[in-house]
Each structure stands twice: as C-alpha cells, then as structure tokens.
Amino acid sequence: MNNSKVIDLIESLSAIELRRFEKFLASPFFNTNPAIVKLFNYIESCRSKPVPVASDKLQAFKLIFGNEKYNEQKISDLMTYLTRHIEDFLSHINFERQTMLKKSYFLKELRERNKDNYFESNIREYRKKLQRSLIKDQEYYYGSFLLEKEQDHYFIMQGIRKDDKSLQHKSDSIDVFFLIEKLKNLCEMISRKNIISAEYEFRMKDEIMNYIRSDKNHFGNIPAIKIYYNILLTLTESENETHFKNLKKVLSENFNFFTREEAGQMYGYAQNYCIKKINSGRQEYHSELFDLYESLLKTKIIFEDKYLSQSDYKNIVSIGLRLEKFEWTKTFIEQYKNSIAPEFRENAYEYNLASYYYSKHDYKNALKLLQKVEFTDVFYHLGAKSMLLKMYYELEEVEPFYSGIDAFKVYLGRNKQISPDQRLSHKNLVTLTKKAFDIRIRGTSSKNYQKAIETLKHKINTKKNIANLQWLKERIEEL
C-alpha cells in the first residue's frame with residue numbers, strides 16, 4: 001500500500017490541508033461512505049507514529065470490516081474512492097482561489113434561474129471590484145471577459161432592443177487576454193530555445209507584433225502588452241539596444257500592476273539581456289544589471305516570503321564588487337544579512353564578506369572567513385574553491401596553489417550535484433589557471449615565455465565556457 005497513489009497524494013498535503021481534508025471527508029455533502037473515513041484515519045495513524053510504519057491492506061481491512069473475510073478488491077476499491085476524494089479536495093481548494101471564476105459561475109446560476117434583481121446587483125458589484133483592482137495582468141482581462149459574457153447573455157435573454165456595450169467589452173477583453181498570453185508564450189519559447197536548444201514554431205508572432213504596432217494608442221495604455229511587447233523585441237532584435245532602454249522604462253512605470261512573482265519574471269528577462277551582453281564582452285552592462293538589482297531591492301520585488309535568496313544576495317555582492325562599489329557593497333552585506341532565511345544566513349554572510357575582503361586584496365580576512373563557511377552545497381563549495389585558488393595565485397603560494405588545484409579536480413570529478421555546465425566551466429578555470437601560474441613562476445627569463453602566453457591566450461579565447469573568465473583574462477594581461 002505504501003507505494004500507492006493514495007499515499008503519495010496524502011503525503012503531498014500540508015498539516016493545515018490534512019485537517020481541512022478530514023472535515024471534507026466528514027461532510028455528507030462530499031462523502032457518504034464512512035469506510036472511506038476509516039481508511040484515511042488508518043493511513044494517517046500509520047504515518048503519524050513516532051517511527052512511521054507501512055500501511056498494510058490486510059490490517060486496514062480488519063479495522064474497517066471487522067471479522068469479514070478478506071476481500072482484496074474491496075480494499076482496493078476503497079483506496080480508489082479515497083484517491084478520488086483527495087483529487088476532488090485538491091480541485092476544490094484550487095477553485096476557492098479563483099475568485100473571478102467563482103463569481104462568473106454564480107452569475108450564470110442567477111441568470112439561468114431568472115433572478116434578475118440579484119443578477120444585476122451582483123454584476124454591478126463585480127464590475128466595481130474589477131475597476132478597483134490594482135493588478136492588471138492577463139487574469140484581470142479574463143475576469144473582465146467572463147463578466148461581460150454573462151452581461152451579454154443576460155441582455156439577450158431580456159429581449160430588449162437597445163444598444164448594449166457588453167458585447168464590445170467582451171470582445172475587447174478576450175482580445176487583450178489573448179494578446180498578453182500569446183506574447184508571454186512567445187517570450188518563454190524564445191527564451192527556452194536559447195537555453196535548452198528546444199525547437200518551437202512561433203506561429204502568429206509577426207502578425208501579433210504588426211497588429212500591436214498598428215494601434216499603439218490603444219495597446220500602449222495596457223501595461224502587460226507594453227512590457228511583453230518590449231521583452232519580445234529584446235529577445236528577437238537584441239542588437240537594437242533601444243528596446244532594452246524602453247523595457248527598463250516601461251518596467252519602472254508599470255511593475256505595480258502585477259503580482260510580485262510576475263513582476264520578478266519580467267525583470268528576469270531584462271537581467272538575462274544584461275548577462276548575455278556581459279558574456280559577449282560588453283562589460284558596461286554590469287552597471288545596467290546593477291541598476292536592475294537596485295530597482296528590485298527598492299520595490300521589494302526580489303523578496304520571496306520576506307526573504308532575499310542567497311543566490312540573489314551573492315549576485316548583488318558580485319556585481320557591486322565588479323563595479324568597485326566597495327562602500328555600497330559592504331553596507332549591503334551588513335544591511336541585508338538578516339533578510340536571508342535563518343538556515344542560510346551565516347554561510348551567506350561569511351562567504352560574501354570573504355568576497356568583499358578578497359576584492360579589497362585583504363586576503364588574510366578573506367581566508368579566515370572562508371574557513372568558517374560550511375560547504376553544505378555546491379553553491380558555496382565551487383565559489384569558495386575558486387576564490388581560494390585565485391588568492392593562492394595572487395600571493396604566489398606555490399604549495400597551497402598546487403594542492404588546491406588537485407583538491408579542486410577531485411571535487412569536480414566526484415560530486416554528482418554539479419551540473420555539466422558548472423563542471424566544464426570550473427574544469428576549464430582550473431586547467432587554464434594552472435597554466436597561467438606555471439608561466440608566472442617560471443618567470444620572463446624562461447625559454448619561449450611569450451609564446452606560452454600567446455598559446456594560453458588562444459586557448460582562453462577559443463573555449464566557450466570558463467568560470468571567472470574576466471579575472472583569468474586580467475591575469476594573462478599581467479603576464
């Protein structure tokens with residue numbers, strides 16, 4: 001029984017959801033079979049023991065049916081019924097969150113029951129609620145469509161021959177909903193194509209873009225269309241940097257019309273644009289990326305459940321240090337330390353403070369802090385090992401450097417959590433940094449010194465995936 005679908009679904013429920021599901025099962029409106037309740041209680045009793053035990057069909061049958069002869073089909077049927085009730089419960093709690101959809105179904109019932117007064121008062125209330133909504137995403141326009149659809153049906157049923165705007169409003173709302181969804185999908189498809197080399201057909205892309213351009217006065221006033229239209233342009237015409245400037249402007253003016261999650265995704269496209277430019281050698285886009293992070297901090301879009309992720313904390317520190325905004329970065333590290341979730345806080349703080357000291361060439365303090373970092377995940381291990389390698393290089397600590405090289409190679413070879421891209425980029429870093437160090441300690445008087453540098457430069461320029469590439473290029477220039 002333990003590997004069954006019903007157990008899997010029950011384990012997906014939170015403590016609060018389990019209590020709600022118990023009430024759901026106990027309600028005769030949803031369930032009239034007490035045996036299903038008994039089966040659920042038995043499964044929960046097994047799971048809630050100090051040391052959970054496996055649920056057993058035979059034991060469950062005895063508890064539910066007493067001395068009745070064991071019937072495999074009967075207990076299997078009960079498990080199926082319980083599974084269906086959990087599926088209904090999950091659908092129910094999701095439907096409860098769909099306020100606009102619930103309201104449209106209620107309006108439909110009132111209309112079909114000819115409760116005209118109730119219908120008219122409720123549709124007025126619904127319209128006011130929509131008008132007051134601060135969020136203007138695609139769901140807003142879908143909700144408007146549902147409202148106008150019911151209003152139009154009601155108008156037809158009344159048989160009154162007069163002008164009514166609901167049909168036009170219904171048509172406009174579904175058009176905008178469709179355009180937003182289509183633009184979002186096109187942006188995501190192009191993004192995925194670039195990341196994972198997936199193949200998609202971008203149907204209607206040109207037609208939609210031309211349609212929006214043909215009526216900019218109208219569509220220019222719809223925040224979601226303005227933003228996704230500009231995102232799509234940055235993806236399809238990335239060489240035209242005006243599109244990025246326009247995207248930044250419309251984001252800063254319209255982010256508050258969206259949920260924190262969607263606004264974060266929108267800013268994510270702008271961040272990715274900057275990262276691609278940086279990777280192509282446009283180092284000035286570090287400043288653009290920094291500005292985006294400042295906006296995300298100021299608006300609190302970057303926070304998830306009141307916490308700043310350790311990866312965003314690290315990225316902001318890295319960009320601040322890259323731009324040599326040392327005072328700002330030190331203040332940020334201290335100010336936002338307590339914004340990191342408690343379980344990650346000390347590691348994130350000590351690692352990023354070590355990065356700060358490393359950038360200030362205070363290797364003594366950087367090394368001291370790195371010794372405190374617990375290498376609980378790849379995130380810190382790769383970063384710390386890279387930083388140590390760079391410090392030993394800078395200090396010309398020969399023995400620690402070569403020991404670090406060997407330890408790094410072993411770690412890259414053995415750790416299964418490292419992604420293929422991370423493994424390759426850090427493997428290239430280790431190999432090329434060792435070659436640079438070999439040249440450095442041999443000195444300028446060594447035979448073929450200049451040729452060795454040119455060979456190394458060529459290797460760096462031809463390899464596509466190298467961690468800490470800019471640092472490595474700077475070290476080669478020093479040689």
Side-chain angles (χ1 to χ4, degrees), residues 134-145 171-282 284-293 295-296 299 301-302 315:
L134 296 176
I135 303 298
K136 295 291 189 292
D137 58 9
Q138 71 274 20
E139 295 303 323
Y140 167 85
Y141 290 98
Y142 184 62
S144 177
F145 162 73
S171 178
D172 292 345
S173 297
I174 199 64
D175 284 349
V176 174
F177 170 77
F178 168 78
L179 286 172
I180 296 170
E181 276 293 308
K182 193 66 179 172
L183 285 169
K184 283 180 71 173
N185 286 337
L186 286 167
C187 291
E188 182 62 20
M189 289 163 78
I190 293 170
S191 180
R192 288 192 198 180
K193 184 178 186 294
N194 293 336
I195 295 169
I196 61 174
S197 300
E199 290 300 324
Y200 299 103
E201 292 184 27
F202 306 111
R203 295 189 182 96
M204 298 178 66
K205 179 176 74 68
D206 294 337
E207 290 84 352
I208 283 172
M209 297 297 275
N210 290 334
Y211 180 56
I212 293 170
R213 288 189 194 102
S214 71
D215 196 355
K216 278 196 170 181
N217 289 335
H218 173 59
F219 294 120
N221 292 317
I222 299 170
I225 290 182
K226 277 197 294 188
I227 291 173
Y228 285 112
Y229 174 80
N230 279 285
I231 289 172
L232 191 54
L233 286 174
T234 63
L235 290 167
T236 55
E237 301 174 15
S238 60
E239 70 287 349
N240 186 342
E241 295 173 41
T242 302
H243 299 322
F244 174 71
K245 292 184 176 66
N246 291 337
L247 175 58
K248 278 207 313 179
K249 183 174 185 294
V250 295
L251 277 172
S252 66
E253 294 171 348
N254 298 280
F255 72 89
N256 54 317
F257 290 115
F258 304 92
T259 61
R260 185 209 59 78
E261 182 182 10
E262 185 164 11
Q265 291 167 355
M266 291 168 164
Y267 267 97
Y269 282 107
Q271 289 172 294
N272 289 337
Y273 182 87
C274 291
I275 291 166
K276 285 178 183 176
K277 289 292 184 185
I278 291 167
N279 290 341
S280 70
R282 299 287 300 280
E284 68 271 24
Y285 269 86
H286 276 107
S287 294
E288 295 286 2
L289 188 55
F290 181 82
D291 290 345
L292 289 173
Y293 269 118
S295 297
L296 289 166
T299 58
I301 291 170
I302 201 169
N315 290 341

Looking at [X], I'd like to know if its [atom1] atom is crowded, meaning that more than 12 non-hydrogen atoms belonging to other residues, nucleotides or ligands lie closer than 6.0 Å.
X: Y211; atom1: OH; answer: no
X: E284; atom1: CD; answer: yes
X: R203; atom1: CZ; answer: no

So, for [X] and [Y], which heavy atoms are closest and what is the spacing to 0.1 Å?
X: L247; Y: A270; result: CD2-CB, 4.0 Å
X: F258; Y: A263; result: CB-N, 4.2 Å
X: F257; Y: L134; result: CD2-O, 3.4 Å
X: L292; Y: Q271; result: CD1-N, 3.7 Å
X: H286; Y: I278; result: CE1-CG2, 3.5 Å

If you measure from [atom1] on [X] to [atom2] on [Y], what distance do you get to the nearest 0.5 Å?
X: L251; Y: Y267; atom1: CG; atom2: OH; answer: 5.0 Å
X: F178; Y: N185; atom1: CZ; atom2: CG; answer: 9.5 Å
X: I275; Y: Y273; atom1: CD1; atom2: OH; answer: 13.0 Å
X: Q138; Y: K184; atom1: CD; atom2: NZ; answer: 3.5 Å
X: I302; Y: R260; atom1: CD1; atom2: CZ; answer: 9.5 Å
X: F219; Y: D175; atom1: CZ; atom2: CG; answer: 7.0 Å

- Message: Taking the six-membered ring of Y140 as reference, does the cationic atom of K136 (NZ for Lys, CZ for Arg) lie under 6.0 Å from its centre and within 45° of its axis?
- Response: yes
- Message: Run R192 and E188 through side-chain contact (heavy atoms from CB on, under 4.5 Å) and show every step you take.
- Response: CA-CA 6 Å; R192 288 192 198 180; E188 182 62 20; 2.7 Å; yes
- Look at the side chain of T299 and the backbone N and O of S295, then say whether any donor-acceptor pair between them is shorter than 3.5 Å. yes
- Message: Could you check whether Y285 and E241, counting side-chain N and O atoms only, form a donor-acceptor pair closer than 3.5 Å?
- Response: yes
- Any Lys/Arg nitrogen of E288 or K277 sitting under 4.0 Å from an Asp/Glu carboxylate oxygen of the other? no
Should [X] and [Y] count as side-chain neighbours, where that means a heavy-atom distance under 4.5 Å?
X: M266; Y: F255; answer: no
X: L183; Y: M209; answer: yes
X: Y141; Y: L179; answer: no

Taking only distance into account, with no hydrogens and no angle test, what donor-acceptor pairs under 3.5 Å do side-chain atoms of residues 225-238 form with protein atoms, sequence neighbours excluded?
from, atom 1, to, atom 2, distance (Å)
K226, NZ, G220, O, 3.4
Y228, OH, E262, OE2, 2.7
Y229, OH, R213, NE, 3.1
N230, ND2, K226, O, 2.8
T234, OG1, I231, O, 2.6
T236, OG1, L232, O, 2.9
E237, OE1, H243, NE2, 2.8

- Query: Is the distance between the ring centroids of F177 and F145 under 6.0 Å?
  - Reply: no
